[in-house]
Amino acid sequence: MISAESRRRIEGRIRDVPDFPRPGIVFKDITPLLRDPETLRLACDGLAAGFQEDRVELVVGIESRGFIFGAPVALALGAGFTLARKQGKLPGETLATRYALEYGEGEIEMQSDALARGQRVLVIDDVIATGGTAAATARLVCELGGVLVGACFLIELAFLEGRKLLPGIRVEALLRF
Ligand code: AMP
């Protein structure tokens, strides 16, 4: 995976923003990391490194910060890239699924032809919090016939136990809080 030093550098470029977007939430702002070429590369390389041996064919990036890491990780793995977006953003025929948010419900969708049956898929996002978004995306991948090889995140908010919503799925995160 990645060295302790790389991890330390990445962590040093993530800014905690208390009470954003709502009181009580500590938002993990990754924009300082993205602005810095060294940590941007370390993060993308670190995310790809965990799945180098898994013959990933397609990376699914979760809107919207999953798109930022998804495309470079796909290139590093020799895979293609596709999108999981919030409801109403994708043209053509789509498959959607609803999931619980902290307050209310969300809906995420993928294009019906986003992947071929049997394709080996990696799901990626910046943060796994409660796990609802990633679990919904994993469901879509499986309903579309993909073989889910795992899910990877820059940050896992481990105290929220989001990985419990991804039973039997390999979950990797570069940083855990
Ligand atoms: P969840 O479905 O609860 O795992 O939430 C995951 C999604 O919400 C990801 O797409 C994250 O970008 C975003 N998210 C949730 N909590 C945070 C946080 N504390 N800081 C930054 N992004 C977050």
Side-chain angles (χ1 to χ4, degrees), residues 7-36 39-40 42-44 46-48 50-51 58-74 81-90 94-111 114 121-143 146 148-177:
R7 216 171 250 124
R8 198 190 55 75
R9 279 173 192 245
I10 292 169
E11 191 172 342
R13 304 283 303 187
I14 292 167
R15 180 165 55 193
D16 280 357
V17 183
D19 299 319
F20 182 86
R22 285 188 301 276
I25 305 284
V26 179
F27 188 81
K28 296 289 183 190
D29 180 12
I30 60 165
T31 56
L33 177 154
L34 298 176
R35 281 201 298 270
D36 176 58
T39 46
L40 177 58
L42 285 175
C44 293
L47 287 163
F51 290 88
L58 190 73
V59 174
V60 176
I62 298 178
E63 185 169 358
S64 56
R65 288 179 296 271
F67 299 167
I68 298 168
F69 298 106
V73 167
F81 176 72
T82 196
L83 316 169
R85 297 206 67 178
K86 285 160 193 150
Q87 189 259 328
K89 303 270 185 87
L90 287 168
T94 59
L95 184 67
T97 189
R98 302 188 74 78
Y99 61 98
L101 291 171
E102 233 173 326
Y103 302 101
E105 275 197 328
E107 190 165 54
I108 196 148
E109 62 187 5
M110 291 175 65
Q111 288 171 313
V121 176
L122 173 66
V123 168
I124 188 163
D125 204 356
D126 64 333
V127 174
I128 178 168
T130 65
T133 316
T137 306
R139 249 185 344 262
L140 287 179
V141 167
C142 295
E143 280 176 39
L148 191 58
V149 301
C152 68
F153 306 90
L154 186 69
I155 298 165
E156 177 180 9
L157 301 179
F159 59 94
L160 293 173
E161 301 187 321
R163 63 169 66 222
K164 283 193 176 163
L165 291 190
L166 296 163
I169 297 169
R170 185 172 151 214
V171 176
E172 301 285 353
L174 294 190
L175 304 176
R176 282 187 193 83
F177 294 101

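Start at 1 and go down the list; that is how both ligands and their atoms are numbered. Any value given below was found using the heavy atoms of this structure, including those in side chains, with hydrogens, waters and symmetry copies removed. Everything numeric in this text was worked out from a predicted model, so none of it was measured.
Here the CD1-OG1 distance, from Ile108 to Thr97, works out to 9.5 Å after rounding to the nearest 0.5 Å.
For residues 8-32, every residue pair satisfying the ring pair (Phe, Tyr, Trp, His ring centres under 6.0 Å) rule, not counting sequence neighbours, is listed here: Phe20-Phe27.
Pocket lining of ligand 1, defined as residues with a non-hydrogen atom under 4.0 Å away: Val26, Phe27, Lys28, Arg65, Asp125, Asp126, Val127, Ile128, Ala129, Thr130, Gly131, Gly132, Thr133, Leu157.
Qualifying side-chain hydrogen bond (donor to acceptor under 3.5 Å, both in side chains) partners for Asp36, counting only residues two or more places apart in sequence or in other chains: Thr39.
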Output side-chain donor-acceptor pairs under 3.5 Å for residues 125-135, partner residues at least two apart or in another chain, one line each.
unit_1, atom_1, unit_2, atom_2, d
Asp125, OD1, Gly66, N, 3.3
Asp126, OD2, Arg65, NE, 2.4
Thr130, OG1, Gly132, N, 3.4

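Counting heavy atoms of neighbouring residues, nucleotides and ligands inside a 6.0 Å radius, atom NZ of Lys89 exceeds 12 of them.
Using a 4.5 Å cut-off on side-chain heavy atoms (C-beta onward), Val141 and Met110 make contact.
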